[in-house]
Amino acid sequence: MLEVAVGLGAAAGMGLGALATYYPNAPLFGPVIGRGPRTGRSLYLTFDDGPNADATPAILDALERLSVPATFFMVGTHVLRFPALAERARNAGHEIGNHTTHHRKLHRLGPRPIHRELAGADRILRDRLGTTPRLFRAPHGYRNPWVTRSVDRLGYRVLGWTFGVWDSDPIPPAEIRRRVRRRLKPGAVILLHDGDGYDPAGDRRATAAALPGIIEDARQAGYEFRPVSELLAAG
Ligand SMILES: [Zn+2]
């Protein structure tokens, strides 16, 4: 609960809207799926900011080898740069989500640029992958009422997350693995990164290297990785 406590402390004196802007699962700007069932032992893996030439193939390899489903929130311009990697993730049966066209921070933008960011990525995913993306995740989780409007217009559901482990920081794979292991709890939607939202050549190899150990730890603790689609059906 440390993240929540820090978030609330930082938001003291700010309005409710400001709090909702910076808290990724806040319901004020529309419903957000931030966690699965608290009973049982289900976990949901999500990867943001790809595709990425180094990390995404290694992550897809591990997921395939260990038979684990995941959700990839892709940046539109990265999909244009690495379409074969996006196709490979789709062909493996993973859920593909919209993470905007350019990974802009949406909370300070107005309705038109926000809709361009969402609709642009929507078009790229439909054209390049032939899929109908159903899930949206805002860069950094930052939202405002115009994001909600655009999400509704495009027919998306918003997926938040239960915890992240700051795997974008320059930390070794063993530390990423340790941080995930310590935070595991039933129904957790886990936020990891297979790319960098701004730099298509960003280095996320540490996350890829940590993934097999993350999966092993979770399974040893009795958890099972599930497709996020079952949360959509339930909600
Ligand atoms: Zn992102």
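Counting convention: from 1, in listed order, for ligands and their atoms alike.
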Practice problem: Sequence neighbours left out, what pairs pass side-chain hydrogen bond (donor to acceptor under 3.5 Å, both in side chains) with at least one residue falling in residues 50-62? | Solution: Thr56-Asp194, Asp61-Arg88
Quiz prompt | Atoms of type N/O/S from protein, distance to the Zn ion (ligand 1) below 2.8 Å | solution = 3
Quiz item: Does CZ in Arg81 sit with more than 12 non-hydrogen atoms of other residues, nucleotides or ligands closer than 6.0 Å?
Solution: no
Exercise. On the 0 to 90° scale, with breaks at 30° and 60°, tag the Phe47-Phe72 ring pair as parallel, tilted or perpendicular.
Key: parallel
Quiz item: Distance only, no hydrogens: is a donor on one side chain within 3.5 Å (strictly under) of an acceptor on the other, for Arg137 and Thr46?
Solution: yes
Exercise. Starting from the C-alpha separation in whole Å, work towards a yes-or-no answer on side-chain hydrogen bond (donor to acceptor under 3.5 Å, both in side chains) for His115 and Ser150.
Key: CA-CA 6 Å; His115 195 67; Ser150 208; 2.4 Å; yes
Exercise. Would you mind telling me which of Asn25, Val158, Leu231 makes a side chain to side chain contact (heavy atoms under 4.5 Å, CB included) with Ile33?
Key: Leu231
